[in-house]
Amino acid sequence: MIYLDYQATTPLAPEAREAMLPWLAGPESEAFANPHSPHKSGRRAAAAIEIARENVAALFPPGGRVVFTASATEALNLAIIGSAARTFAVSAIEHAAVFETARYQADSFEILPVDGEGLVDPDAPIPPGTDLVAVMQVNNEIGTIQSVSEIAARAHAAGALFLCDAVQAGGKLQPPENADLIALSAHKLHGPKGIGALWIREGIKLNPLIHGGGQEGGLRSGTLSPSLCAGFGVAASLALARQAQDAVHVEALWNAARAALPNFTLNGSAAHRWHGNLNLRSQGLDVSRLMSELRNIAFSAGSACASGSGKPSHVLKAIGLSENQARSSIRLGFGRYTRMSEVVEACALIAAAAADQ
Ligand code: PLP
């Protein structure tokens with residue numbers, strides 16, 4: 001199988017897996033201990049978690065703290081509900097984890113539109129009285145990169161908090177230095193599934209969603225998994241160490257894929273974009289038929305979350321595509337472990353199958 005669905009999830013880095021294995025211990029070692037226990041083996045597990053926390057913290061700006069969660073979805077829920085905000089301004093292309101949570105929590109809800117390129121206008125006015133503004137750094141469907149620092153500054157000028165969903169940007173791009181809350185997910189940066197993080201700027205007070213033993217400074221009760229934390233920590237360090245190298249590789253894959261699919265139109269900006277995301281459309285393309293003919297290529301129709309729901313993507317709609325154009329769109333996602341030969345082969349197969357329809 002050729003895996004071209006890096007926005008849905010990424011393969012676990014071998015180094016992250018190695019770091020996890022010792023903590024998946026049975027009775028033969030003490031590494032199964034509860035990291036919140038005061039005895040020696042518990043303290044050893046707690047120390048491994050704190051090393052992981054420092055490594056994950058290096059992905060964020062200075063001046064805040066990292067709370068581990070079970071996913072970015074949970075981190076975003078903690079930010080949105082925990083902030084007790086009631087009035088929201090969120091971009092039209094946010095992930096459901098932001099949209100649905102803000103909608104659940106909101107007394108009032110303002111949408112910040114995007115242009116045809118999939119970009120939020122950084123000068124768009126923030127309605128007075130807004131408690132929290134949320135704009136993602138990199139979109140999961142079309143890869144567009146938002147001017148999050150400028151938008152954060154405007155949010156602050158309007159007296160609002162700024163939340164950034166940096167799930168698709170983590171380890172790849174500099175985070176916005178002036179955000180108040182930033183969410184990440186380990187499995188989008190070659191770490192394990194089942195762990196995410198919320199970065200909280202010093203001085204910002206949140207209410208916990210999960211109550212109990214008071215772990216994570218009282219913000220997120222429950223026993224942490226040393227294995228998941230260790231895997232996340234190593235994946236984070238590796239992402240930073242390989243950032244430039246990974247970006248060069250992604251650029252080469254992007255150029256090859258674009259050249260191999262000349263009859264497709266790009267959805268979203270080419271310039272303000274993470275180039276590991278290629279969202280394309282071809283008029284009249286039957287995407288379900290294409291996917292069933294190319295079962296050995298893992299790619300997506302629209303976003304992984306929206307596909308299967310039968311609903312056209314809200315992101316493609318927000319950039320002005322008709323329902324038919326949205327339905328004739330595919331998303332190819334690639335990254336660190338994608339080989340050039342895989343991209344060349346997959347694009348040739350996609351081009352041929354599309355031409356045959
Ligand atoms: N935000 C974005 C932009 C995403 O792409 C995803 C996952 O698809 C999430 C949030 C949710 O992340 P998680 O799978 O860790 O809950």
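Read the numbers this way: they start at 1 and go in the same order the structure lists the ligands and their atoms. Quick caveat: nothing in here was measured; it's all calculated off a predicted structure.
Not a single heavy atom of Glu74 sits closer than 4.0 Å to an atom of ligand 1. Residue contact annotation: Lys188 has a non-hydrogen atom under 4.0 Å from ligand 1.
The proximity of Asn140 to ligand 1, defined as any non-hydrogen pair under 4.0 Å, is limited to the side chain.
Polar contact with ligand 1: present for Ala72 (N/O pair, distance under 3.5 Å). In terms of polar-atom proximity, Asp165 is counted as a contact of ligand 1, with an N or O under 3.5 Å from an N or O of the ligand.
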For residues 100-107, please give each side-chain donor-acceptor pair under 3.5 Å, one per line with the distance, not counting sequence neighbours.
{"residue": "Thr101", "atom": "OG1", "partner": "Asn77", "partner atom": "ND2", "Å": "3.3"}
{"residue": "Thr101", "atom": "OG1", "partner": "Ala97", "partner atom": "O", "Å": "2.5"}
{"residue": "Gln105", "atom": "NE2", "partner": "Ala85", "partner atom": "O", "Å": "3.2"}

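Ligand-side atoms of ligand 1 in range of Ser185: 13 (P), 15 (O), range being under 4.0 angstrom from any heavy atom. Of all the atoms in ligand 1, the ones that sit under 4.0 Å from a non-hydrogen atom of Met136 are 3 (C).
Salt bridge present: Glu74 and Arg220 bring a charged side-chain N and a carboxylate O closer than 4.0 Å. A salt bridge links Asp180 to Arg201: one of the charged nitrogens lies within less than 4.0 Å of a carboxylate oxygen.
Clustering of Ile, Leu, Val, Met, Phe, Trp and Tyr side chains at separations under 4.5 Å places Leu173 together with Val138, Ile145, Val250, Trp274.
Nearest residue to atom 5 (O) of ligand 1 from His187, Glu141, Gln168, Gln7 is Gln168 (criterion: closest heavy atom).
Here the shortest heavy-atom pairing between Ala298 and Met1 reads CB-SD, 3.7 Å.
Side-chain atoms of Glu216 and Ser221, non-hydrogen and from C-beta on, never get closer than 4.5 Å to each other.
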